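Worth knowing before you read on, the calculation uses all heavy atoms, side chains too, and leaves out hydrogens, waters and symmetry mates. What you are looking at is a predicted structure, and each value in this text was computed from that prediction instead of being measured.
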Amino acid sequence: HAEAWARRICRAGGEDRELLLRRIGEAWEQAARWPGPDDDAGYREAVAAGMLSGGPAEVRRQVRDWLEELMADEGCAVVLTEPTDWSAWDARRRC
């Protein structure tokens with residue numbers, strides 16, 4: 001289970017912990033962009049149709065809050081920032 005694995009690495013400390021936190025940050029840079037910018041038309045339509053309860057920023061907030069809390073509970077601080085540059089974002093490729 002991924003959560004148990006992350007907890008063990010956080011508790012162990014050292015280089016493995018540093019690597020885990022770095023990899024989480026790298027994965028977040030990609031994953032946070034997947035929902036797209038807040039003004040994405042497809043997301044707006046899905047929210048309006050009741051398919052989703054919130055837009056891209058809300059999706060990112062929920063995942064970020066869960067992951068930051070999981071890491072903090074094990075004494076690991078991870079900072080996951082909101083993407084700001086959407087100039088090259090491609091809605092079809094979701095990146």
Side-chain angles (χ1 to χ4, degrees):
H1 195 266
E3 286 181 32
W5 174 76
R7 285 185 177 116
R8 281 194 300 275
I9 292 174
C10 280
R11 290 176 192 154
E15 291 179 17
D16 287 341
R17 179 179 175 163
E18 290 174 27
L19 180 59
L20 172 66
L21 295 176
R22 187 170 57 246
R23 294 296 188 240
I24 287 172
E26 291 168 357
W28 176 254
E29 288 178 20
Q30 298 298 314
R33 295 183 59 77
W34 189 91
D38 293 337
D39 62 352
D40 179 62
Y43 247 87
R44 274 196 320 266
E45 291 171 13
V47 170
M51 296 169 63
L52 298 165
S53 62
E58 177 62 15
V59 170
R60 284 188 290 273
R61 185 199 61 77
Q62 289 176 2
V63 173
R64 182 177 44 247
D65 289 354
W66 167 78
L67 190 51
E68 286 177 344
E69 182 179 328
L70 174 68
M71 295 290 99
D73 287 349
E74 299 304 325
C76 290
V78 61
V79 178
L80 306 173
T81 60
E82 189 75 8
T84 56
D85 181 7
W86 295 102
S87 60
W89 190 75
D90 181 341
R92 287 184 34 206
R93 293 181 43 225
R94 307 303 298 175
C95 63

- [ ] Can you establish whether the number of heavy atoms outside Gln62 located under 6.0 Å from its atom CD is more than 12?
- [x] yes

Task: Exam field: side chain Asp38 to backbone Ala57, donor-acceptor pair closer than 3.5 Å - done: yes

Task: Step-by-step side-chain contact (heavy atoms from CB on, under 4.5 Å) determination, Leu20 to Trp5 - done: CA-CA 10 Å; Leu20 172 66; Trp5 174 76; 3.9 Å; yes

Open item on the list: Within the 4.5 Å heavy-atom criterion, are Leu80 and Ile24 side-chain neighbours or not?
Closed with: yes

TODO: Please name the pair of heavy atoms, one in Val47 and one in Gly55, separated by the smallest distance, quoted to 0.1 Å.
DONE: CG2-N, 4.0 Å

Open item on the list: Between Glu3 and Trp66, is there a side-chain heavy-atom distance shorter than 4.5 Å?
Closed with: yes

Task: Taking every non-hydrogen atom, the tightest pair across Trp34 and Arg94 - done: O-NE, 3.0 Å

TODO: Taking all heavy atoms of Cys76 and all of Leu21, pick out the closest pair and write down the distance.
DONE: CB-CD2, 3.9 Å

Task: Pairs involving residues 63-72, ordered by first then second residue, that meet salt bridge (Lys or Arg N to Asp or Glu O under 4.0 Å) (sequence neighbours left out) - done: Arg61-Asp65, Arg64-Glu82

Task: Which residues share a side chain to side chain donor-acceptor pair (under 3.5 Å) with Glu26, sequence neighbours left out - done: Arg23

Open item on the list: Looking at every non-hydrogen atom in both residues, tell me the closest pair between Ala31 and Pro35 and how far apart they are.
Closed with: O-CD, 3.4 Å

Open item on the list: Give me the atom names and distance for the closest heavy-atom approach of Gly36 to Arg60.
Closed with: O-NH1, 2.8 Å

Task: Lys/Arg-Asp/Glu bridge criterion (N-O < 4.0 Å) met for Arg22, Glu18 - done: no

- [ ] Determine the minimum heavy-atom distance between Met71 and Val78, stating which atoms define it.
- [x] CG-CG1, 3.6 Å

Task: Short side-chain to backbone donor-acceptor contact, Arg44 and Asp39, under 3.5 Å - done: yes

TODO: Give, for atom SG of Cys10 and atom CG of Leu70, the distance between the pair rounded to the nearest 0.5 Å.
DONE: 7.5 Å

Task: Residue pair Ile9, Glu74: steps toward the side-chain contact (heavy atoms from CB on, under 4.5 Å) verdict - done: CA-CA 9 Å; Ile9 292 174; Glu74 299 304 325; over 6 Å; no

